[in-house]
Every structure is written in C-alpha cells, then in structure tokens.
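Written below as structure tokens is the structure these notes are about.
Numbers here simply count residues along the sequence, with the first being 1. As the structure lists them, so they are numbered: ligands from 1, and atoms in each ligand from 1.
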Amino acid sequence: MVDTHVHVNEPGRTDWEGFETATRAAAAGGVTTLLDMPLNSIPATTSVMALHEKARAARGKTWINVGFIGGVVPGNASALGDLARAGVRAFKCFLVPSGVPEFHHVTQPDLREAMPILAELGLPLMVHAELPEVVEAATLDATAGDPAKYATYLASRPAAAEHEAVALVIELAELTGARAHVVHVSSAQTVRMVSSARARGVRITAETCPHYLWFDADEIPDGATEYKCAPPIRRTDDRDGLWSALSSGELQTIVSDHSPCPPILKRRDVGDFFVAWGGIASLQLGSAVVWTAMHERGLPIERLVEWMSAGPARLAGLEDRKGVIAAGYDADLVLFDPDGVIEVREDMLLHRHAVTPYLGAALRGTVEATYVRGMRAFDRRTGPAAEPPGDLLLHSHP
Ligand SMILES: [Zn+2]
C-alpha cells in the first residue's frame, strides 16, 4: 500500500512522530511506501537545503520506502525547479493558515506564479482546500457556542469553505495547465466539482481519508479532541456520498493524513476543540479501518488495492514501479488476512504516541507480514524487522 499523505514531523518536531516510529507503524499497517508532507518538520521542505536536511534525518531509519513532498509557500517559486530535480514527487500548499508559523499559506498571486512552473515540471500540486475568509466568518459566528462541543467546531469550518477553495483551484488549474490534487476531501459535493472539471479536461484529482469514511460528526463525544482535524469530519450524508464516489470511480485515492502530536497538545484537560492541535493519527490503522467499512458495505477487496495502492502510486508518479503485483515491479507486498480481527489498544500502536480516535474500535483485517522490495519489514508475531529495509525515493543524494 502507498500512502501519499503522512506528516512524519522529523527533523524539528521529532517528539511529535519521527521516521523510525512512523515507518515501523506504517509497516505494521501494510503500508510499503509513504510520502512525507513538507510541513511540521523544521525546517519545512521548501528549499533543496531543507530537503537534504530531511533526507539526512531519515537515512537508515526507514522500515518502508519514503519519498518527499516539496512545499509551495509565498516567495519560494524560484526553489521549485531545484526541489523537483532533487527528487520531490509532488508539491503541497495551503489556502488557509497551516497551523505552524514556518509554512505560510498561499494566496492567488502566489499560485499564479507557482502553478505554471509546476505545469512545466509535470508534478502535481496537492492543495489543502479551505478558504480563510469563509472559515474566519464562520468561526466568528461559532464562538458563541460551547467550544467543547464538536458541533461548534464543525460549524466553524463549513463545507462551503472547501467548495469555494476547490472552485478557485479548478479555475487556476484550467488557466495554468498545472496538475492539481485536492487533499483530504471531507464533503461529497467537492468530489462532484472535481469530477465534472476533470470530465471537461482540467487536470485535477482528489483524495479522502479513513476518518471521513468512518466517523460521524453527530457521534463525536464532547471534549474528544483526538477527533479534531481540518477540514472537519462531517455528518453521514457526506460520509455516504464519499463512499458512493469511491464506488463509482469518481474518487480513486484513500490516504491517511496521519498527523500526530504530543498528547498534551490535544488539550484533553480542557477539551476545547478550538485550542487543540488538529490532526488524526491513523497510519497503522488505515487499511483495517477502510476494509472494515468496505466489508460492511459489501465491497470487494480488489477495490481496497485500487484506492490504497494503485491510486496513490499514480499520484506519486510511481505507477511504473508500485501499485501492482507484476513482473518488473518492486516486490512491496502485504500478507493481509481479510477475516482477522483486532481491537485497537494503546499497547499495539507503534506510532510515537498512542493518541487516536480509533482506540477501542473492533476492526477486521490483519496485516500478517509486510515486505519491502522483497525484504521483510514487519511480521505480526515478531514485530518490525531488526534492520530497516526501506529506501529513500530521491534523485540526488545529499
Ligand atoms: Zn495533512
């Protein structure tokens, strides 16, 4: 399985996660390749120097294959070509504040400068699509509500913020010819916008994540900030709409958006959704979560491979090496028991921190063993391999 949306946070915020813990957890979840997001690490991956620093931090510590995503931030257009030549497999930008000061969000002029460059480089731009004006106005309206209620947080980030941002991304992708990819889609309407743009020739794709496919906003307990992410988990109409879009093939990719932090930053002590760090940890659990939900919906396991391996492999430009079991492809293999059952407990999680909204869930589908280019990375009986078999997916090595 290929997961193109992981926040490893090393170097700089290694106490949040780290290459060793993230890739061991990934291997335990059947993920054989991940792409690391350019932010939450310090430095953020917005220059070649920062990419090299990250590669040095990762080298020798990866139980699976790791590739990197470069950042598009205000003022770094001149660094994009060098980042692409050094081997980043995609770029990422935010249209709203990202939550960390070293990774600024972009505005339309920044995108009009960066997207033609990316079109020429032939790499996709992954976009966090929410518009700040819409979020700010909704947040002002929501502040009268109880900040420990999930519904208050949900109201502060309405689906309209995603829809209006995606309309802008579609317009700019059409104008510049750049390939755009909407990350972590939370609203079913967004998928319809993306697929109708694609039908008229705009180069745009989208992904969703296990948490939007599993949880229901109306069932999130008060103060349960481990469920906080942006855009937020919505209600069952959106959840069902995302499943229909996957089934119909309009939506082709599921990735984790694993974004952990130290437990203290989740502020369970106050249970305030507005002060807690947003991000859901699920790297080790994504395949079982998605498969459990698929099983309930009567969907065959081949579709899991399509959405969690072939789809993300295409996005990462790895479709000639990964995403298929075939002669000439990398022997990245998962031995998956579709009838195995697990209950998510803290002591089985290999993430650096055991904070996740899936604790206590009974899931179907166990990863018995994971192989990376033919070498065993993980075995359910003995745990992660003693030596890390993963590679860094880069063109030039520091
Ligand atoms: Zn993310």
Side-chain angles (χ1 to χ4, degrees), residues 2-10 12-13 16-19 22 25-26 29 31 33-42 44-46 54 66-73 88-106 124-130 132 135 157 161-162 165-166 169 180-187 190 205-215 225-233 242 253-261 265-266 276-286 289 308 311-312 315-316 351-353 355-357:
V2 177
D3 189 341
T4 50
H5 195 150
V6 177
H7 297 267
V8 176
N9 304 330
E10 182 174 2
R13 287 193 179 89
W16 291 25
E17 186 58 280
F19 284 103
V31 175
T33 296
L34 70 77
L35 295 194
D36 175 46
M37 279 288 164
L39 73 157
N40 302 349
S41 58
I42 305 172
T45 319
T46 52
K54 184 170 277 193
V66 172
F68 300 96
I69 299 167
V72 173
V73 292
V88 299
R89 311 212 63 92
F91 286 89
K92 163 80 178 283
C93 71
F94 276 70
L95 301 184
V96 277
S98 71
V100 293
E102 64 282 348
F103 199 93
H104 285 284
H105 70 282
V106 293
L125 178 61
M126 300 172 165
V127 183
H128 180 124
E130 286 182 293
V135 172
R157 300 192 91 112
E162 186 172 290
V166 168
V169 174
H181 176 79
V182 183
V183 293
H184 47 50
V185 168
S186 66
S187 152
T190 301
T205 52
E207 70 188 29
T208 192
C209 311
H211 38 276
Y212 302 118
L213 297 166
W214 181 260
F215 296 114
T225 51
E226 64 273 24
Y227 290 83
K228 179 184 177 181
C229 61
I233 293 161
L242 291 171
T253 301
I254 305 174
V255 293
S256 69
D257 191 11
H258 177 70
S259 188
C261 67
L265 294 181
K266 279 291 184 187
W277 171 260
I280 288 181
S282 68
L283 186 52
Q284 187 177 337
L285 304 170
V289 168
M308 299 191 81
L315 175 63
H351 308 146
R352 185 174 303 287
H353 303 290
V355 176
T356 171

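- The Zn ion (ligand 1) lies at 2.8 Å or more from every N, O or S atom belonging to His184.
- When atom types are taken as modelled, the side chain of His258 and the backbone of Ala281 share no donor-acceptor pair closer than 3.5 angstrom.
- The Zn ion (ligand 1) lies closest to atom OD1 when only the N/O/S atoms of Asp257 are considered.
- Side chain to side chain, His181 and Glu207 meet the donor-acceptor criterion of an N or O pair below 3.5 Å.
- His7 NE2 to Ile69 CD1: the interatomic distance, rounded to the nearest 0.5 Å, is 8.0 Å.
- The distance from the Zn ion (ligand 1) to the nearest N/O/S atom of His128 is not under 2.8 Å.
- Salt bridge absent: Arg352 and Glu10 never bring a charged side-chain N and a carboxylate O closer than 4.0 Å.
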